[in-house]
There are 2 protein chains.
Amino acid sequence: METRPRPYHHGDLRAALLARAEETLREKGAAALSLRELARDLGVSHAAPSRHFKDKQALLDALALTGYERMTEAMTASQADAGESCRKQLEAVVRAYVCFGLDNPVLLGLMYSIECDPQASDALLEAAGRWSEHIERLVAEGQRRGEVREGPVERIGVPVFATLHGYADLAATGMLPQGFAEDGLDEVIAFILRGCAPDGPP
Amino acid sequence: METRPRPYHHGDLRAALLARAEETLREKGAAALSLRELARDLGVSHAAPSRHFKDKQALLDALALTGYERMTEAMTASQADAGESCRKQLEAVVRAYVCFGLDNPVLLGLMYSIECDPQASDALLEAAGRWSEHIERLVAEGQRRGEVREGPVERIGVPVFATLHGYADLAATGMLPQGFAEDGLDEVIAFILRGCAPDGPP
DNA sequence: ACCTGAACACCGTTCAAGT
DNA sequence: ACCTGAACACCGTTCAAGT
């Protein structure tokens, strides 16, 4: 009559695996992630996960993908609440990116760990590619409004993206001095804007 | 009479382990690194490495440390060959950083993977801290020469460092469009300099 | 369709013992 | 001081079999 573990997992095992995996990532780091332990935690056999992810790598890829999705969500939400000016929009993007990195440092690392095998999940590379486009749209809009100097959006967008990414990554890995992570945000935005400023009046 | 594997490793096993580990990192990625395979490749017993690294993590930390050392070397060498102007010096640093990332993508990832455990090897954090100081010295020198705007070196240095790091990281993980990695270097430098430019003539 | 249970080859870590 | 060899608990992956 005691409540014994059901022989079959009741809900969506795939989603449960991803959720539990992310907890582990947050609590114990990426190195400690084990499919068998995941299965144990969820009360299924150690072979069950293979029905949903052919590989441990497949699970990690799926995990990274959810990261991209949630970050895109957060960014667009943050932009919707921001003003129209290029500065405000940029601030919204930077803030969302940095917050995401601070909240999900290990996941962020995973999202950029494409271990250099060229056959890395296409969906992942595509998701990553959308960042660049997102930034470039911002640059183009800034140009239309006269807040960003003229030039190919790609060549201006990449350095902006690099600054954004680098700052979030340094913040996530705890390599920024003291409380610079949240505190120095204005500084970074000002830095980016100076770098994007239209050729000043002579 | 045949040359049989010696029962004892002749040279410096510690150095041999690090060297072989880096090859594996480059060829098969971080996930494929195994202490037992390393020992096998070097013709020693699987327990031998533990005499030199108490842990797999200890080996990874040592590996990351060699990365910091070699990168510092490359940077100072690159700076010595460059001119005195802030632009030339900055260019030397950026070029060295990006080249290192392109040549050692997995190692660079390792160097910034401090899995968020606060007790992470002190030597590593100290080595990382030296980058910031390096950049800040550059900023200070730029200010002395009037090429960089006034202000606390730390607050100006961090965004510069973020751009530098972000660009190298994106290049290393292959997330830059086409041949932007080597090609877009000037763009990044120009971007940084604009962001550091002294308040222009009115 | 989804999961189990056993099997296989591999791993990191430890420790008494050898030289 | 440095390494071996055996032992332990754990891992990812596969596969016939169950419901």
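Quantities reported herein were computed from a predicted structural model and do not represent experimental measurements. Naming convention: chains lettered A, B, ... in sequence-line order (proteins, then strands); numbering from 1 in each chain.
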**Fill in**
Arg40(A) has its side chain closest, among dC10(D), dG12(D), dC10(C), to dC10(D)

**Message:** Using a 4.0 Å heavy-atom cut-off, does Ser34(B) contact any base of the nucleic acid, only the sugar-phosphate backbone, or nothing at all?
**Reply:** sugar-phosphate

**Complete:** Residues pairing under side chain to side chain donor-acceptor pair (under 3.5 Å) where one sits in residues 152-170 of chain A, two or more places apart or in two chains, turn out to be Tyr97(A)-His165(A), Arg155(A)-Glu187(B), Thr163(A)-Thr163(B), His165(A)-Asp169(B), Asp169(A)-His165(B)

**Request:** Figure out the CG/P separation between Leu38(A) and dC10(D), and round it to whole Å.
**Result:** 16 Å

**Request:** Quickly work out the Leu42(B) CG to dC2(D) C1' distance and round it to whole Å.
**Result:** 15 Å

**Message:** In this structure, how many angstroms lie between the P atom of dC10(D) and the CG atom of Leu35(B), rounded?
**Reply:** 19 Å

**Request:** Give the rounded distance in Å between these two atoms: CG of Asp41(A) and P of dC11(D).
**Result:** 10 Å

**Asked** Does the distance from a Lys or Arg side-chain N to an Asp or Glu carboxylate O, for Glu84(A) and Lys88(A), drop under 4.0 Å?
**Response** no

**Asked** Does Glu141(A) have any side chain to side chain donor-acceptor pair (under 3.5 Å) partners at least two apart in sequence or in another chain, and if so, which?
**Response** Arg144(A)

**Request:** Have a look at Arg14(A) and say if it touches a base, only the backbone sugar-phosphate, or nothing, with a 4.0 Å heavy-atom cut-off.
**Result:** nothing

**Prompt:** Quick one: Arg36(B) CZ to dG5(D) P, roughly how many Å, whole number?
**Reply:** 13 Å

**Request:** Please report the C-alpha distance between Asp61(A) and Leu65(A) in whole Å, then the side-chain angles of each, then the deciding distance to 0.1 Å, and finally whether the side chain to side chain contact (heavy atoms under 4.5 Å, CB included) criterion is met.
**Result:** CA-CA 6 Å; Asp61(A) 287 348; Leu65(A) 206 57; over 6 Å; no

**Prompt:** NZ of Lys28(B) versus C1' of dC11(C): gap in Å, rounded?
**Reply:** 14 Å

**Fill in**
side chain to side chain donor-acceptor pair (under 3.5 Å) filter on Arg70(B), not counting sequence neighbours, yields Glu22(B), Asn104(B)

**Item:** Contacting residues from residues 46-56 of chain B, given that a heavy atom lies under 4.0 angstrom of DNA chain D
**Value:** His46(B), Ala47(B), Ala48(B), Arg51(B), His52(B)

**Asked** Just by modelled atom types, is the Met75(B) backbone N or O under 3.5 Å from a matching donor or acceptor in the Ser78(B) side chain?
**Response** no

**Prompt:** Between Glu37(A) and Lys28(A), does at least one N-O distance fall below 4.0 Å, as a salt bridge requires?
**Reply:** yes

**Message:** If the test is side-chain hydrogen bond (donor to acceptor under 3.5 Å, both in side chains), which one of Gln79(A), Arg137(A), Glu147(A) qualifies with Gln89(A)?
**Reply:** Gln79(A)

**Prompt:** How would you list, by chain and number, every residue that makes a side chain to side chain donor-acceptor pair (under 3.5 Å) with Arg20(A), sequence neighbours excluded?
**Reply:** Glu23(A), Asp41(A)

**Complete:** Encoded 5' to 3' (Watson-Crick or G-U under 3.5 Å; [ ] crossing; | other strand), DNA chain C becomes ||.|||||...|||||.||

**Item:** Rounded distance (Å) that lies between atom C1' of dC11(C) and atom CG of Leu59(B)
**Value:** 15 Å

